[in-house]
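Worksheet: the structure to be examined is printed underneath.
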Amino acid sequence: QVQLVESGGGLVQAGGSLRLSCVASGRTFSSYAMGWFRQAPGKEREFVAAISRTGGTVYADSVKGRFTISRDNAKNTVYLQMNSLKPEDTAVYYCAANEGSIGRRVSTYDYWGQGTQVTVSS
């Protein structure tokens, strides 16, 4: 079992930045691929970014060039640096873990955090 706890969300103006963190506890963090997803009110949960066990990354087209995912295995933490935020980035952001390869589908991931709210005002 892996427990995931997100933090770092908040209210920010358009054009601003936030850094989300997700701390994992339980089994060996380095053996997991990690992902970030988001869900806006009335919409389905969607892929944002993911990082493999070896540091390879993939991004949704909507955030490419603005968001950066990274991981610190010594701290059991994955980060999502979000720059040039837009009102359409407003959502609850979720951290997810998977013992296999990275992917863009919700169904790929076995473990989920409780989410952290990000609100971008115009």
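Atoms considered below: every heavy atom in the structure, side chains included; atoms not considered: hydrogens, waters and symmetry mates.
In this structure, Y94 contributes its side chain and E6 its backbone to no donor-acceptor pair below 3.5 Å. Using a distance-only test at 3.5 Å, with no hydrogens or angles considered, a donor-acceptor pair links the side chain of Y109 to the main chain of G103.
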**Study point:** Working for side-chain contact (heavy atoms from CB on, under 4.5 Å), residues S62 and R38
**Key:** CA-CA 12 Å; S62 60; R38 66 187 181 187; 3.5 Å; yes
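Across every non-hydrogen atom of N73 and S30, the tightest pair is ND2-CB, 3.7 Å. Residues A33 and G100 come closest through the heavy atom pair CB-O, 3.5 Å. Taking both residues in full, the closest heavy atoms of Y32 and A97 are given as CD2-CB, 3.9 Å, listed atom of the first, atom of the second, then distance. C22 approaches M34 most closely through the heavy-atom pair SG-CE, 4.4 Å. The two residues L4 and A24 have their closest heavy-atom pair at CD2-CB, 3.6 Å. Taking both residues in full, the closest heavy atoms of F47 and R104 are given as CB-O, 3.3 Å, listed atom of the first, atom of the second, then distance.
In the model, T54 has a side-chain atom that pairs as donor or acceptor with a side-chain atom of S52 under 3.5 Å.
Cluster annotation: V2 and W112 are assigned to distinct hydrophobic clusters (Ile/Leu/Val/Met/Phe/Trp/Tyr, side-chain heavy-atom contacts under 4.5 Å, transitive). Using a 4.5 Å cut-off between side-chain heavy atoms of Ile, Leu, Val, Met, Phe, Trp and Tyr, with links allowed through other members, V58 and V78 fall into different hydrophobic clusters. Under a hydrophobic-cluster definition in which Ile, Leu, Val, Met, Phe, Trp and Tyr are linked whenever side-chain heavy atoms come within less than 4.5 Å, directly or via other members, I102 and V48 are assigned to different clusters. L85 and Y59 end up in the same hydrophobic cluster when Ile, Leu, Val, Met, Phe, Trp and Tyr side chains are linked at under 4.5 Å. Hydrophobic clustering, with ILVMFWY side chains joined whenever heavy atoms are under 4.5 angstrom apart, groups V92 together with V106.
We find the CD-CD distance between Q117 and Q39 to be 11.0 Å, quoted to the nearest 0.5 Å. Taken to the nearest 0.5 Å, the OG1 atom of T77 stands 6.5 Å off from the CZ atom of F29. S107 OG to N98 CG: the interatomic distance, rounded to the nearest 0.5 Å, is 9.5 Å. To the nearest 0.5 Å, atoms CG (D110) and CD (E99) are separated by 6.5 Å. Separation of atoms OG1 (T68) and CG (N83) is listed at 6.5 Å; rounding is to 0.5 Å. Here CE of M82 is found 9.5 Å from CZ of R66. Values are rounded to the nearest 0.5 Å.
At a threshold of 4.0 Å, the pair K86-D89 does not count as salt-bridged, since none of the basic side-chain nitrogens sits closer than that to a carboxylate oxygen.
Using the six-membered ring where Trp is involved, Y93 and F67 have ring planes that are tilted, between 30° and 60° apart.
A cation-pi arrangement, defined by a distance under 6.0 Å to the six-membered ring centre and an angle within 45 degrees of its axis, is absent between R45 and F37.
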